[in-house]
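Starting from 1, each residue takes its place in the sequence as its number.
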Amino acid sequence: MKNTIIIFLVIGLLSCQEKQTPSNTNAHEKAVVKKQDRNLKPDGTAYSNEELALMGHTESMAVLYEVPTDTIESIGILLYDGFFTMDAMGPLSVLNSMFPTEKILIGRNKGTITSSDKVKIEVEYGIEDIEQLDMLVIPGGFIETYQATKDQELLDWVRKIDQNSKYTVSVCTGAWILGAAGLLKGKNATTHWYRAEEKLAEYGATFVKERYTNDGKYWTSAGVSAGIDMSMALVDKILGRNYAEFVALNLEYDPQPPFESGHPDKADRVVSIMTEKMYDLGLDPYIEK
């Protein structure tokens, strides 16, 4: 059974149209190449389906293996009451495929954390328990995220982890927390579309209107679902395109929205304006005047 799975994985990988993004470029700067430029035989020719079908597990793995660009031993995802569920669980679904990396859910305090969707998650670690991570992922939310930007103990912890992290990552309005910690000053970044340029400017960052972007080790994504795209790009950068394609195929990540309305540039004008007003009304009582 295992060999059969590997065979189908190899066949799927041969259809790839792109090569791995160089580590020193923006994650969206991808060079398109012909599919025969990847996963070739030693003589430079493509494998036939018959050759792939006859491969054993060891040979298949040798074909697919790419030298990682980095070693990531630990990934921590910060959870706090009111975080957007998909902001954390979307990236976790992708990054959980990285082995043998340890994945840790970290609460503002250990115990039960309740997301904005009222999903309750029991976490074994609070921020006081974690001293070092190779990758820190901070999801966004709404009112509670704004309140977190005023939580000096939390911001101190984020700065402490960032001192030794290899990747410091935010999803959606999680960039507000990174910004409040002073980590985005002078950086290019993105975040949820709601007052994105204004909010990032408050923290000295330059807004980039992309699904995700990176400036050095700081990776930021636009709202909610964009965190999945960014996480795929991180796997691609660290473990290579073959492994990233395996993760995408395993999740059947092939988004085809039934209509175009996921960004103010695409949504109906009335819907966009009324949604922004709703956000303003929700946040205004909590903003320090």
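Taking 4.0 Å as the cut-off between side-chain N and carboxylate O, K277 and D280 do not count as a salt-bridged pair. Checked for salt-bridge contact, K237 and D70 miss the test: no charged N lies under 4.0 Å from a carboxylate O. A salt bridge links E153 to R108: one of the charged nitrogens lies within less than 4.0 Å of a carboxylate oxygen.
Between P264 and R269, every side-chain heavy-atom pair lies at or beyond the 4.5 Å cut-off.
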### Task
I would like to know whether M232 and L234 meet side-chain contact (heavy atoms from CB on, under 4.5 Å); could you show each step before the answer?
CA-CA 5 Å; M232 288 288 185; L234 280 163; over 6 Å; no
### Query
Given the rule in the salt bridge (Lys or Arg N to Asp or Glu O under 4.0 Å) test, do D156 and R159 qualify, once you have shown the distances and angles that lead to the verdict?
CA-CA 5 Å; D156 286 344; R159 284 187 284 263; 2.6 Å; yes
#### Entry: Steps toward side-chain hydrogen bond (donor to acceptor under 3.5 Å, both in side chains) verdict (K120, T114)
CA-CA 4 Å; K120 296 185 181 299; T114 304; 3.2 Å; yes
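Within the cation-pi definition used here (under 6.0 Å to the ring centroid, within 45° of the axis), K209 does not qualify as a partner of Y212.
Note: the hydrophobic cluster containing M278 does not contain I273 (ILVMFWY, side chain heavy atoms under 4.5 Å, direct or indirect links). Under the 4.5 Å side-chain heavy-atom criterion for Ile, Leu, Val, Met, Phe, Trp and Tyr, L281 and Y194 are members of distinct hydrophobic clusters.
S165 places no side-chain N or O within donor-acceptor distance of the main-chain N or O of L136, the cut-off being under 3.5 Å. Side chain of D117 to main chain of V119: no donor-acceptor pair is present (N/O by atom type, distance under 3.5 Å, no hydrogens or angles).
Here the shortest heavy-atom pairing between L154 and A148 reads CD2-CB, 3.8 Å. The shortest heavy-atom contact between S74 and L133 is OG-CA, 3.4 Å.
Residues in residues 47-61 take part in these salt bridge (charged side-chain N to carboxylate O under 4.0 Å, His left out) pairs, two or more places apart or across chains: K41-E51. For residues 125-143, the set of pairs meeting the salt bridge (charged side-chain N to carboxylate O under 4.0 Å, His left out) definition, not counting sequence neighbours, comprises K110-D129, E131-K160.
By the ring pair (Phe, Tyr, Trp, His ring centres under 6.0 Å) test, Y65 pairs with no residue at all, sequence neighbours left out.
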